Structure formats: structure tokens, C-alpha cells
Amino acid sequence: MAEGEPMLRFANYQYQEVFGPDGNTPQFENITIYNYFVWSHYYSVSKTYLGPGQASFGGVDFSHEGPGFVTWHRFHLLQLERDMQASTERGGRRKRGRRGSLGADGGMKDGRRKGKEFGDLRRREEQGGRRTDRGERGKCGEMDMLGDSTFALPYWNFAIGGSECDICTDDLMGARSSFDMNSISTNSVFSQWRVICESVDDYDSLGTVCNNSETSPIRRNPAGNVARPAVQRLPEPKDVLDCLELNTFDTPPYYSTSSESFRNTIEGYSAPQGMYDPVVRSLHNLAHLFLNGTGGQTHLSPNDPIFVLLHTFTDAVFDEWLRRHAPGEIVYPEENAPIGHNRRSNMVPFWPPVTNAEMFVAAPENLGYSYEVQWPAPAYTLSEIITIAVIAAVLVAAVVGGVIACAVRAHSYRSAEALEPLLGDTFRRYSEDERRLDKSQSVV
Ligand SMILES: O=C(O)c1cc2cc(O)c(O)cc2[nH]1
């Protein structure tokens, strides 16, 4: 890349126009790091335009409803994290990042600090960015972001049950506005965080591609979907534990209808114990729908930065599953998964190409980051409960038996003591008789 060219660019055109009017001038635009993050998710789920007068084809989703759900979102986050770490210093060794909690479940201090930096992301970009001096910023390799290769994205443990979004406060991801249930409070840095890729109907019907224009502020109304009570609550801690116990990574048809699939369960189309049920939404999907706004619509959801934290936690569960089950890439389907979701498929639209298999590895050993998560203590199985109950019953019986034995012994001891004065009298009488006898003998 020549000096002066922007670091991050995205294609704003359909295939036919992407090489420009002369067929030799690729049509790219500059974009901020965060908007690129939003755009790549939008692109991965967007329908394929089939031409005027034809309905766009919506049967392809490169990032959801297939085994690639976990690997695609893992790379999506990793790319954001690396872009945020960037500095003008070249050639520095990448250090390990620890992804800490932003919520109330521990690791708070670390996560909060990182969250603040995270909240500064778009502002920092804008200060040195294209809106103020268009074309000046972004020489290749000169993208000065945090300049900290240890920076790690925080996570939000959304599996806390209840109907409170614990990180929706003004010092974290933004409280609810007092004036509008669906907006973020003006005291939050996110209150005027604007959405791109909102005109989804135009993209589908007119064949335009999301062009990076920012429109309305993000909307969020946690637990506010009164028409759908089932998504007014967050997942429970036990849901995560149940999901982690599933042994099989994915099952045919490797889709949102898969049963007994870890992937479909963490994605949230199955009950947490693994059974597919068309009306169920759990874990990741439930957390999205709970947010009830920008973060609940697939083509828009990363516009709400809470998306990042929801997905780091989803990725933490995936990493814990990899650690517990140590599966090897062999369990990742090689074929018969939806397009883009097979083991060796490149994940769309990332460039340079990266395959699903490359992200199907334990993060601490292979990808340079790890999670600080306190997983809830595992629940006992029925047979464990029965064993514990039997042992407890035997112990109780032994203790009760022991107590009864002691009581009986004490009782017989007391009874014996009660007899003792009689014996004492007898003994006294005999000894007095003996003494009297002795005296009479001595007189004699
Ligand atoms: O309806 C769902 O299950 C649903 C909504 C939603 C939004 C989103 O951004 C996702 O990534 C997934 C998702 N699922």
C-alpha cells in the first residue's frame, strides 16, 4: 500500500461497479475503525441483490445460523481489538491481553477502565480522523489508536437473570434516558453514538450497499419488549453451565434447527440443554433481543457498542467449551454446513482471508488473549444428587444412632447412680457392723 493511502477502507459497491467506471479503479471509501466493525457485520448478513424487479435473496448469512457463528464473531472482535491496540510504533511484539468483566461479577476495576477507553474510540478517531481533515489521516501503518498492545476488550456477563441491564449506567454503556424509554441518557458518551447501515430496505430493493452515512442515535430499551415477555429477562447463570456441558460442537443440518449442538445453543436457537425449539431464544440471541432496539436487529446490532461486550462474553463461553472439551478441528464440519460456514471456508467479508478453522483454537495459547471469568460452580447431576443424599442419610443415621447409644448409656449410668446410695448404706452398715465386732473382740 502506498504512503498516503488510508488504512481502513470498505467496498461501497456491488460487484459489477466495484472496479469503477473504467473497470480499473477500485471504489473504496475511508471509514472509521468502529464503523468498519459495524459495516463488516452488516455485509455478512445482508441479502444478495438479484437485480431490478427481483426479490433480494436472503437465504445466506455468513455469520449466523451455522458453525461459523462462533468463529466469525471471534475474528470480528479480534480485528477490532487489534485495530484499537494499534500505534505508530512498528514491529513491537504483541503482548497478551486479559479480557476482564465490565459487569458486577468481578474484574470490575479493570473492565471499567478498559470500558472508558472503549467509549473514547470514535471520538479519538474523529479527532485525528477523516471528518476533520479528510484524506490527511491514515497513512499505511500510521494509525495511532491506543498504542497499547495489551489493551483487551472487556466483556459483559449477560447471564445474570432478571430484567436489569447492570452495565446500562452512565459511567459504563449508558443509562436509559429519563425523557425517552428507547434512548440513552444525555450523561452518557453513547447518547449521540450514531447508526450506520440503517436503510436496509434500500440496500435490498435498490441494490445500494451501506455507504457509511451516520443517521439516528442508537436506541435501546432493555426488557422493554412488552409484546414478547419471553425476551424481557436475561439468561440465567445455569443456562451457561448447561450449554458448556454439551459434548458435540455442532450437529446436522449445521443450522439454526440443530439439536444437541453446543454452537446452536450458545447462539441461542436451542434451549440451554440443547433441544432445538422454534419458539425458544436463549443465551446470545436472548441477550440481543433483551436489548430491544438497535442491538436487537441483526443488520444493525454492532452499532450499539454493547454488542462488543455481549459478544466477548459469548466468545468466553466458546473458549471455555474449547478448554473443557479439547475437541481439535476434526469436530468442526468439513462440509454440508451453510455457505461460508465449512471448516476451510474463508469468513466473509474479512480480508486478508481467514478460515473458520483458524479461529477454532483455544484463545490463550493461539490467539494471544484470555478471559478473566469466574464460571459458576457446576450443578450436580441426578446421580450425583442421589449419591450425596445416600451418603448424607448414612451419616445422619450414624450420628442419630451414636446419639441414641450415648443417651441409652447415660440413662443406664444415671440409673446405676440412683442405686448407689442403697449400696452405700449396705456397705456402711456392713462396715459399721465389722467395726462393732472388732471393738467387742478387743474388749474380750
Ligand atoms: O431474533 C433473534 O433470535 C435474533 C436477533 C438478533 C440480533 C443480532 O444482532 C444477532 O446477532 C442475532 C440475533 N438473533
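Quick caveat, the model's predicted, so the values are computed rather than measured. Counting starts at 1 for both ligands and their atoms, following the listed order. In this chain, residues are counted from 1 in sequence order.
None of Thr251, Asp250, Thr248 except one satisfies the side-chain hydrogen bond (donor to acceptor under 3.5 Å, both in side chains) rule with Ser261; the exception is Asp250.
For Phe249, the ring pair (Phe, Tyr, Trp, His ring centres under 6.0 Å) criterion is met by Trp321, Tyr332, Phe360, not counting sequence neighbours. Listed by chain and residue number, nothing satisfies the salt bridge (Lys or Arg N to Asp or Glu O under 4.0 Å) test with Glu164 (two or more places apart in sequence, or in another chain). In terms of the salt bridge (Lys or Arg N to Asp or Glu O under 4.0 Å) criterion, residue partners of Glu320 (sequence neighbours excluded) are, by chain and number, Arg323, Arg324.
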Every pair of nitrogen or oxygen atoms between ligand 1 and the protein that is under 3.5 angstrom apart - can you list them with their distances to 0.1 Å?
residue: ligand 1; atom: 3 (O); partner: Arg281; partner atom: NE; Å: 2.6
residue: ligand 1; atom: 9 (O); partner: His288; partner atom: ND1; Å: 3.4
residue: ligand 1; atom: 9 (O); partner: Ser301; partner atom: OG; Å: 2.5
residue: ligand 1; atom: 11 (O); partner: His64; partner atom: NE2; Å: 2.9
residue: ligand 1; atom: 11 (O); partner: His288; partner atom: NE2; Å: 3.3
residue: ligand 1; atom: 14 (N); partner: Asn285; partner atom: OD1; Å: 2.9

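Using bins of under 30°, 30° to 60° and over 60° for the plane-to-plane angle, the ring pair Phe37/Phe307 lands in the perpendicular bin.
A salt bridge links Arg344 with Glu329: the distance from a Lys NZ or Arg NE/NH1/NH2 to an Asp or Glu carboxylate oxygen falls below 4.0 Å.
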